[in-house]
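See below for the structure under consideration.
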Amino acid sequence: MAKNLLIVESPAKAKTIEKILGEDFEVKSCYGHIRDLAKGDMGIDVANKYKPTYIVPEDKEKVVKELKSIAKKSGEVWLATDEDREGEAISWHLCEVLGLDPKKTKRIVFHEITKPAIQKAVLSPRTVDMNLVNAQQARRILDRIVGFELSPVLWRKMSMGSNLSAGRVQSVAVRIIAEREREINAFTAVSTFRIEALFTANDISGKPVTFSAEGKKHANVEGAETFLKSCINAVYKVADIQVKPAKKSAAAPFTTSTLQQEASRKLGYSVSRTMLLAQRLYESGKITYMRTDSVALSETAMEDAKNQITSQYGKKYHSPRQYKNKNENAQEAHEAIRPTYMENNTVEDSDGKRLYELIWKRTMASQMADAELEKTTAKIQISTNKDELTATGEVLKFDGFLKVYREDRDEEDMEDEHEEGMLPPLTVNQQLPLKEMLATERFSRPLPRYTEASLVKKLEELGIGRPSTYAPTISTILKRGYVEKRDKEGVKREFRILKLKNNAISKETDSENTGAEKSKLFPSDLGLVVTDFLKLYFDDIMDYGFTARIEEEFDEVAAGKIQWNVMIDDFYLPFKKDVDNTIENAERASGERDLGIDPITGKKVIARMGRYGPMVQIGDSSNEEEKPKFAKLKTGQSIETINLEEAMELFKLPRNLGQFEEKDITVNIGRFGPYIAHDGKFYSLGKEFDPYTINLEEATPILVEKRTAKEQRTIKVFEKEKIQLLRGPYGPYIKQGLRNFKLNKDQQERVADLAIDEVKAIIEELKANPPKKVPRRKKT
DNA sequence: CAGTGAGCGAGCTTCCGCTTGACTT
C-alpha cells in the first residue's frame, strides 16, 4: 500500500515527525506559504467582492511541483500545518494546489512535537476550517490594500518619493520611535535633592559596618539645606523595625519576543542575530521552534525539567508550573522556546552557545521554586526634627530559581531602583552615630530611546506584528531610512552635593554624564516627516489600537459571524476616500522649519527635506534671479532640532585647503560621506576626520595613501571599453560600469595577460549564463 | 560614485506573514 503523505510547514519538524509516525507516513514540508496574492492590480478584484488572485511565487514553484508529484503517488494526503490562522490558510492553499477537496481532506493539529501529541492528533483528524481560512484571507487582503494604496501616496507626496513604503505594521513602528524622540526633545529635567544618611552599627560578628538610610526628597537646594541645618547636633534613634517575608517568582519560559529582549539585554544581540542563532539551534535539534508566542511547556518538557532540577539541586528547588499567556493576540500554535533535552545544559556550537545557555537557564528557572526574601525596614528618628529616615535591607533566605537565572530589566522600568543591601541587626531605641548626611541633587530623566528589542516588546504589547515578523519589520524601517540605529554621546552635567559632617555643612559640585545612548533607534527626518504626514491623513491606520480592533473583526470572521468581504468592504470604502482625498488635496510634505535670518545676506534660512535628504537652505527658491544655497545636514542633526548657528556652519563646505602637486585639494560631503577631491579624483574621508576642520597637512598624506591603494587595486584598465580588472578580497575580477564579473581560477592566474577580447568574451558568457541566481539585491 | 534641491512624468517601487537557504568585491 502506498504511504500517506503528511505535510507540515517546517522541514526540521518533518524529519522529527517522520520518525515518530514510522512506516505508514511520508512527511514533507511546504516551507510556509506556497501561494500569495498576485502583484499586479493589488491581486484583488475590488469591484468583484475583493476576489483575490493567488499565484505560486517563483521561489515556491519547486516545492509545489515536488509536493504535487508525491501527492499523486501517495495514498492519502494529511495536512498538518500550524494551528493558527496562517497555518489553516496554508492547508487550504495546499488543497487548492494539489487538487484536494478541503471538505474531505484530513487536517490535524498539534502544539508540540512529541510522540503522544502527534499520535493523539492522528487519531482525531478534522477538515479545513474555512471560516479561519477566510479570516486569514481578510488579514492578507487588508494588509495588501493598506500597503499598496498607501505607499504610492508617499511616492507622490513626499519630496523623497522613491523607495518609500507604508504599512499597517511598519508605519506604526516608526511612529513609536518618532514619538519617543519628540518626548525626549520636549523633556526638561527637573532636579530634586535626595537625602541619604550614613550610619555605623555593629554586624553579627561585632564588626562595625556602614549602612544608609533615606530621608524625604527636597524640591530645591534651600529646602535641602534647611533640612541639613536642622539636623545639626541631632541624635538618631531607631524608632521602629519591621521585618516582612517576600517572594520572587521566575519568569515564564521564552517566547520569540522575550528571548529577543533578554538576548539584547544580557548578550547585546540584535533581534536578527538572536533569530539567526536560534534558527541554527532549532535546525540542529537543540531547541524547539523559535517563532512562537506561547509560554506553554509540554508535559514531557516539564517532566524533563523536573528530573534535571531534582538531580542537580534537590527536590526543594522544584516547583512545577504551567504558564498562561497574558497576550490576547497570541495564537499559540507552538510551545515556548526551550531546549529539546534538558540534560544538555550547553551546546558545542560556539556562536549559539550563549543563547542556548540562556534558553536552558530560563526554562529550568521557570520550573523552580520561588526565591524567599526577608525585607527589613527600620525607621530612624531625628531628635531635632519631625522627619524620619528609612533604612531598608533585604536578605535572601532561599535562593530558589535565582540559583540559575535572573531576568534583566529594561532601562525603562528601572527608574530610581537600586539593589537592596543588607542591614546590620538593629534594635528599637538603639542610638545610631551619624557618619555623614548627604543631600545630592538628582535630575529626572526622559524615557530612554528604544532598542530593537524594546521596540519588539512594545509592538507585542500593542498586538502589532507576529513572532515571524518582528525581526523583518525592524530591517524594513532601517532599510527605508525611517529609523537609524546608532549611539549618542552624553553631555556633562554638574550637580550639587550638600554634606553634613561633624555638625558642619559643606557644599560641593560633581559632574555626571547624561543622555548617552548605545545602539538605540533614532527616527530620521524622513521618518518624522512621513509619520506626520500619515498621521494627518490616515489617523485611523496610524492609531495604536487599529490592529487590535481589526483583529477583533478577524476573530468574528473566524467565528463565522461575519463575511470576510463584508468586513473588508467596511474598511475599504472610507479608506479609499481618504486615499483619493489625500492624492487630490495634500501638499507635498517636506517638514519645513524656519531657522531665522542669515546675518550676512539677510535672507531666510530654513531646514527641510529635499530630494536627497534633510538639508538647510538660504533664500527662497521662488526668487528667480538668485538660486538658493543648499547644504546637507550632518548625521545626528535633525530638522527639528538644528538651530541657525549650526545651520550656518554647514554652509562652510566645500572648503579649498590649498594646493598639492599644483592642483587644488578640496573637501566636501557627498552622497557617500565626506571626501577629498584632487585632480578630478575623489577619496573618501574616514570617520576620524572632520571635513570642517581638516587642513592641508592632514589631508595630503591621506590623499597619497588612498591614491596608491587605488592604483594597487587596479590591475589593468581598458579605457575605451570602460572595463577594469581589479583586485578584490576574493581575488581578481572584472568591473564594467557598476557590474562585477567573477573570474575562474585559471583566468585569475592569467589576469595580467588577459586581452580585451577575452575579457569581453567572459563578460558575454557570464551575462548569458549567470553563475547562480542571486536574490534580487538593491543597488546601495 | 563624489551633482543635485523645480517639474514633467517614461517605468519602476510597495504590504504582512509563513518558511529556509544562497551569497559575498
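Only a predicted model underlies this, so the values are computations on that prediction, with no experimental measurement involved. Below, all heavy atoms of this structure are taken into account, side chains as well, without hydrogens, waters or symmetry copies.
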Below 3.5 Å, does any donor atom in the side chain of [X] face an acceptor in the base of [N], or the other way round?
X	N	result
A:R140	B:dC15	yes
A:Y31	B:dT20	no
A:R139	B:dC16	yes

Whole-Å distance separating the [atom1] atom of [X] from the [atom2] atom of [N]:
X	N	atom1	atom2	answer
A:F682	B:dA2	CZ	P	6 Å
A:D36	B:dC16	CG	C1'	9 Å
A:R588	B:dG5	CZ	C1'	11 Å
A:L37	B:dT14	CG	C1'	13 Å
A:K157	B:dG7	NZ	P	12 Å
A:N163	B:dC12	CG	C1'	11 Å
A:Q136	B:dG17	CD	P	10 Å
A:D293	B:dG17	CG	C1'	13 Å

- Within 6.0 angstrom of A:R588 CZ, more than 12 heavy atoms from elsewhere: yes
- Should we count CD of A:E592 as having more than 12 external heavy atoms under 6.0 Å? yes
Which nucleotide wins on minimum distance to the side chain of [X], given the candidates [options]?
X	options	answer
A:D143	B:dT20, B:dC16, B:dA2	B:dC16
A:Y289	B:dT19, B:dT20, B:dG3	B:dT19
A:D84	B:dT13, B:dC16, B:dC18	B:dC18
A:R480	B:dA2, B:dA6, B:dC15	B:dC15
A:R168	B:dC18, B:dG5, B:dC16	B:dC16
A:D82	B:dT4, B:dT19, B:dC15	B:dT19

- Query: Should the pair A:E88-A:R107 be classified as a salt bridge under the 4.0 Å nitrogen-to-oxygen rule?
  - Reply: yes
Just to be sure I understand the rule, does [X] reach a base, reach only the sugar-phosphate, or reach nothing, if contact means heavy atoms closer than 4.0 Å?
X	result
A:G167	sugar-phosphate
A:G43	nothing
A:Y470	nothing
A:R611	base
A:G87	nothing
A:V169	sugar-phosphate

- Message: Can you give me the closest heavy-atom contact between A:I642 and A:A607, atom names plus distance?
- Response: CG2-CB, 4.1 Å
- Return the minimal non-hydrogen interatomic distance between A:G463 and A:T547, and the atom names on each side. O-CG2, 3.2 Å
- Honestly, is A:R480 close enough over A:Y482, meaning NZ or CZ under 6.0 Å from the six-membered ring centre and within 45° of the axis? no
- Which sits closer to the 5' end of DNA chain B, A:Q617 or A:R35, going by the nucleotide each is nearest to? A:Q617
- Assign each of A:P732 and A:P467 the nucleotide of DNA chain B bearing its closest heavy atom; nearer the 5' end lies the nucleotide of A:P467
- Message: Taking the C1' atom in each of B:dG9 and B:dT13, what is the distance between them to the nearest angstrom?
- Response: 15 Å
- Does the ring of A:F148 lie flat against the base of B:dT14, closer than 5.5 Å centre to centre with planes under 30°? yes
